[in-house]
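Some notes on the structure that comes next.
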Amino acid sequence: SAVISQKPSRDICQRGTSLTIQCQVDSQVTMMFWYRQQPGQSLTLIATANQGSEATYESGFVIDKFPISRPNLTFSTLTVSNMSPEDSSIYLCSVEGSYNEQFFGPGTRLTVL
Amino acid sequence: AQSVTQLGSHVSVSEGALVLLRCNYSSSVPPYLFWYVQYPNQGLQLLLKYTSAATLVKGINGFEAEFKKSETSFHLTKPSAHMSDAAEYFCAVTTFNAGGTSYGKLTFGQGTILTVHP
């Protein structure tokens, strides 16, 4: 299984600001995924990030709010833009394994005041 | 479209008792199914997976799950609960398109919080 790290592990931000979350994988992967887990909720996919192409966003998520970069096969960033308290969540990145399972990073715990 | 329903948002058992966490799925193509565990303030850890091989799947920490196509279920069990099993558990299904090709992404159930009493 892949080893995934995320930075920062947690942050407290002011409304109206932006935060960029980094995801690093210890091996080259084609697809990386970004999920959001709101307090007390399950995981919701934000977007799929393929290296060399634009990210594919799920319904309800837009690029202006959650821009994603995927500069190489081991790294991706997710930016949460113009934050509001409703953006307070855990943000997780993941990569796909050999049988469509996914391996997750430890998550970034974001609180917006 | 695929979907997952976890019956019971909270399950409470005594230490040493049987753990049963229920998951039902909906899928128009043969699914791949997964159980994940999330300990407090941690990410998700894969417990076990069903990928169309044996219907009884054994995972880590003594957990197992049985794929029952006739019941569209994939319930998670453990014969004897331990205090360290207290966590939130998520069932997930791979999302496929109409042609049966995986999108590579997962659809998660709402989660079940397991509490273990001494």
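In what follows, chains are A, B, ... by sequence order, proteins preceding strands, each numbered from 1. Quick caveat: nothing in here was measured; it's all calculated off a predicted structure.
- Between the OG atom in S94(A) and the CG atom in L44(B) there is a gap of 9.5 Å [rounded to 0.5 Å].
- Comparing S9(B), G111(B), G109(B), A92(B) by how many heavy-atom pairs each has under 4.5 Å with chain A, the most go to G109(B).
- Of all non-hydrogen atoms in R109(A) and G43(B), the two that sit nearest each other are NH2-N, 4.3 Å.
- One hydrophobic cluster, built from ILVMFWY side chains closer than 4.5 Å, cannot hold both L78(A) and V29(A); they sit in different ones.
- Neither the backbone nor the side chain of Q6(A) comes within less than 4.5 Å of any heavy atom in chain B.
- With contacts defined as side-chain heavy-atom distances shorter than 4.5 Å, the pair F108(B)/Q41(A) does not qualify.
- Within a 6.0 Å radius of CD in Q42(B), other residues, nucleotides and ligands contribute more than 12 heavy atoms.
- Between L43(A) and Y36(B), the closest side-chain pair of non-hydrogen atoms is not below 4.5 Å.
- V19(B) and L56(B) are not part of a single hydrophobic cluster, where members link through side-chain heavy atoms under 4.5 Å apart.
- We find the NZ-CD distance between K49(B) and Q102(A) to be 12.5 Å, quoted to the nearest 0.5 Å.
- Of the atoms belonging to Q38(B), it is side-chain heavy atoms, and not backbone ones, that fall under 4.5 Å from chain A.
- The two residues F103(A) and L46(B) make their nearest non-hydrogen contact at CE2-CD2, 4.2 Å.
- E96(A) contributes atom CD, which lies 7.5 Å from atom OG1 of T94(B) (distance to the nearest 0.5 angstrom).
- Contact count versus chain A (heavy atoms, under 4.5 Å) is highest, among N41(B), T51(B), I113(B), T107(B), for N41(B).
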